[in-house]
> 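This is the structure I have questions about; it appears just below.
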Amino acid sequence: MSALLDNLNQAQRTAVLHVDGPLLILAGPGSGKTRVVTHRIAHLLEQGVHARQILALTFTNKAASEMRNRAQVLAPGQPVWVSTFHRFGARMLREFGELVGVSQNFTIYDTSDSRQVLKRVIEAEQVHTMHFSPDRIACAISTAKNKLITPDTYEARRGSPLSEIVAQVYPAYQQRMLQSAAVDFDDLLMHVAQLIYHHPEIRAELDARFRYVLVDEYQDTNKAQYVILKALSYDYPNLAATGDPDQSIYGWRGADIGNILEFERDFPQVHVVRLEQNYRSTKRILRVADDLIAHNKRRKKKSLFTENDEGEAVRLVAYADQDLEAADIAQQIRSAIESGQCRASDFAVFYRVNALSRSIERALRKAGVPYQMVRGQEFYGRKEIKDVLAYCQLANNPADDVAFERSVNSPTRGIGKKSLERLNEHAYRYGTSLLDAARESKLNEGLTKRATNSLLKFVELIDKIAAIAGESVEEVIGTVIAESGYTEALKSSDDVEDQSRLENIEELLTDARQFDEQADEAHEGGGLEAYLERTWLVNETDDWETEADKVTLMTLHATKGLEFPVVYVVALEDGILPHERSRDELEQLEEERRLAFVGITRAKHQLQLSYVRVRDFRGQRRVAIPSSFLMEMPREEMHMTDARPDDLEFFVDDFDAYESDDFETDPQVSPLPNTGERSGARATNFPRPQAGEGPVVRAITTAAELAGGANTARHTKVSPDVFAHGMTVIHPEFGPGKITALSGAGKARRATVQFATAGERKFVLAHSPLRPAQG
DNA sequence: ACGAATTTGATTTTT
DNA sequence: TCAAATTCGT
């Protein structure tokens, strides 16, 4: 017992020793939250609480396995159920789903699958979607589900065309999903909430079953999750929520920060514990983070402190472009490793969007520094993997029309669009699944002999797979591969892509084998459905090798809960962080600020923030503006470096703006001394907006936006529409050329130009320096 | 019906 | 830039 409290501070002990009644742990970054939670679990067990009565819920699989493992160490042999919300939902639905219309063998559709369904529904219902994309509609449906608005309770708001469309599409979509025995991610929560709401006896049973519920990252819960948690904490109100409003970064997914801000109102008898001592970062890193987050209006004030060292100044570096940014970071890491003081795994590079990883990757590769990118979804999301799994899915759930459409003609068996249309008609008329429609294809007059034959053979194959579904997963998938002809089609192709597809399928088999072995060892779980469920709810992020000695590259969202000795956050630029889509709304802007906060507070000893003057993004070059967040950090904690290369010709040539007022420094602040650790680097003033409203840096954005991009100042005079096929044009670098192809209009207008000396090039005209030749 | 070729359009974050 | 959608040719 006493061992459990060793090395814990007062606040932490209070939390660990809390047994009954609601508990709210407000845990700042690096405050030892996971430690407290796991120790509390161990303490509960010591107090005689049965392991089965404890339920710990997290958002990510990564967090779940971390917690599970650490609890395992403290209390060996007492298997506490640690699960993600979605897995928990899935488990509940397998048990009780029939009560809300969900078949026991349901399939979980990922975003692209459910998007597919939505498109079909829109088509079938002949809904006029006006200018709203399926994405937009899907998003609205998702938002509704997160708020527990069901198809019957959804009401179109007057004056909102989108909501009118949703009111039409949502019920049809949901019906189609249920018909296919499929649920989407949001359904996993919504159906459970519905279940509990409509069946008080089940609610009571679950409340009693899970007497002690622990929730991690409570600030990220949405309404559905909130309702479920409350329902599980009614007769036994032992809900322990951990979270930090300042780390709420999933508002866009329906997370309601109000849940944590109002926890005390929801549970008046709550015991609140604040963990404010940080054990992770240096004083200076923490002050930078703290100053930044203090700019948020909607938050609970916290006083973060640490007894750690003062530490080095946080570095803020301005680079000329992303390649220099990447190269310098790679170089820094490389020399630190070579000096023997650090391992590659001490370093992490964070960015706002995945697309920004490219230059970093390239530079690290070039510098010979090992790295790993943590990106979700990749493996199970690959086409070939989904194709193979679709056979299994269909065998497990014959109503799964998405799986049917995916597998029926890959590899191609002569069942094309027309035949599928016929099948769909038949299925619609008789209210059957596509698989059953295929079974009856002899009765379907619209089908050709050839198609009928293929379909019957396909049905036979699925039946065969279904028959052996009880065997090991490896065997099932092996059968699919052997009998579907999928790999043969790949083997006979000489496309290099297909070669790697084959390898991926091999890997899938290995994965399945491992799953079988694990299930065997654990004497539980296993089976095809369990495996499929894992592919639906688990991504690679979860088996990210923490052990490997590699630099970690990840998006800011993926960093939550992690820490690294040295952290780089790149692209602190306006429009990237904060992201451009969050510019108008204060709430969203604050979320971006929290995102930056989360990234910064991952750093233990060293932190470098950087931005770039010119960024190539989505194939376009833009003059970048330093993030406004940089102005909100305390400059006395930071060391500013302007890493301009000595030769500036390139930029002077291409960017008039570069030497203009736009980046002029604030004369009132004296420059920091140059420490000269990098050649060609000089200390400079912090770029700030000029006084008064409408700072000059802003002016660029506006101009750039007006012209549909940057680097247009010199070229705006030439409208893209003056160009015509066959016209002779002049390019400042490539010289004269002839337009051989044109497409698009306005700022999207593109041209292919055959140059006399430089060969063929393609341009987006609005952003190119091309001009018609005179005369 | 199929695959190649071309065009278009869209790009945050994740269970 | 890159993937999806559409058109085109066989």
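Protein chains get the first letters and strands the later ones, always in sequence-line order, with residue 1 at the start of each.
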> Just checking A/Ile249: base, sugar-phosphate only, or nothing, at a heavy-atom cut-off of under 4.0 Å?
nothing
> Compare side-chain N and O positions of A/Asn61 against OP1 and OP2 of B/dT15 and report whether any pair is under 4.0 Å apart.
no
> How long is the line joining CD1 of A/Ile108 and P of B/dT15, in whole Å?
13 Å
> Taking the six-membered ring of A/Trp252 as reference, does the cationic atom of A/Arg581 (NZ for Lys, CZ for Arg) lie under 6.0 Å from its centre and within 45° of its axis?
no
> Tell me whether the side-chain N/O atoms of A/Lys119 come closer than 4.0 Å to OP1 or OP2 in C/dA5.
yes
> Using only side-chain N and O atoms of A/Asn409, determine if any of them is under 4.0 Å from OP1 or OP2 of B/dC2.
yes
> Calculate the interatomic distance between A/Asn222 atom CG and B/dT15 atom P; express it in whole Å.
14 Å
> Rounded to the nearest Å, what distance is computed from the CZ atom of residue A/Arg413 to the P atom of nucleotide B/dC2?
11 Å
> May I ask you to say what A/Arg87 touches in the nucleic acid, namely base, sugar-phosphate or nothing, with a heavy-atom cut-off under 4.0 Å?
nothing
> Can you confirm whether the side chains of A/Ser610 and A/Glu325 place a donor and an acceptor under 3.5 Å from each other?
yes
> Check A/Arg593, A/Arg299, A/Arg594, A/Gln219 against A/Asp246 for a side chain to side chain donor-acceptor pair (under 3.5 Å) and give me the one that passes.
A/Arg299
> On DNA chain B, compare the nucleotides closest to A/Glu592 and A/His86; which residue's is nearer the 5' end?
A/Glu592
> Using Watson-Crick or G-U wobble geometry with both distances below 3.5 Å, tell me the partner of C/dA4, or none.
B/dT7
> Using whole Å, report how far NZ of A/Lys417 lies from P of C/dT7.
9 Å
> Contact class for A/Asp135 vs. all strands (heavy atom < 4.0 Å): base, sugar-phosphate, or nothing?
sugar-phosphate
> Rounded off to whole Å, could you give me the CG-to-P distance for the A/Leu356 and C/dC2 pair?
14 Å
> Closer than 4.0 Å, any side-chain N/O of A/Ser419 to the OP1 or OP2 of B/dA1?
yes
> Between P on B/dT13 and CZ on A/Arg581, what's the gap in Å once rounded to a whole number?
10 Å
> Rounded to whole angstroms, how far apart are NZ on A/Lys383 and P on C/dA5?
13 Å
> Using the rule given for side-chain hydrogen bond (donor to acceptor under 3.5 Å, both in side chains), can you reason through A/Glu425 versus A/Asn444, listing the C-alpha separation, both sets of side-chain angles and the distance that settles it, and then say yes or no?
CA-CA 10 Å; A/Glu425 278 164 25; A/Asn444 193 328; over 6 Å; no
> Should the side chain of A/Arg253 and the base of B/dT13 be counted as holding a donor-acceptor pair, with the cut-off at 3.5 Å?
no
> Which nucleotide, if any, forms a Watson-Crick or G-U wobble pair with B/dT13, using both distances under 3.5 Å?
none
> Base, sugar-phosphate or nothing for A/Asn354? Non-hydrogen atoms, less than 4.0 Å.
sugar-phosphate
> Give the rounded distance in Å between these two atoms: CH2 of A/Trp252 and P of B/dT15.
9 Å
> Angle between ring planes, A/His86 versus A/Phe185, binned at 30° and 60°: parallel, tilted or perpendicular?
perpendicular
> Both A/Ser133 and A/Thr555 contact DNA chain B. Taking the nearest nucleotide for each, which residue is further toward the 5' end?
A/Ser133
> Within the pair A/Arg621 and C/dT1, is there a side-chain N or O less than 4.0 Å away from OP1 or OP2?
no
> Taking 4.0 Å as the cut-off, does a side-chain nitrogen or oxygen of A/Thr412 come that near to OP1 or OP2 on B/dG3?
yes
> Treating A/Arg602 as the side-chain partner and A/Leu562 as the backbone partner, does any N or O pair qualify as donor plus acceptor under 3.5 Å?
yes
> Given B/dT15, C/dC2, B/dT14, which nucleotide is nearest the side-chain atoms of A/Tyr250?
B/dT14
> Remember a base hit wins even if backbone is also touched, and classify A/Phe85 as base, sugar-phosphate or nothing at under 4.0 Å, heavy atoms.
nothing
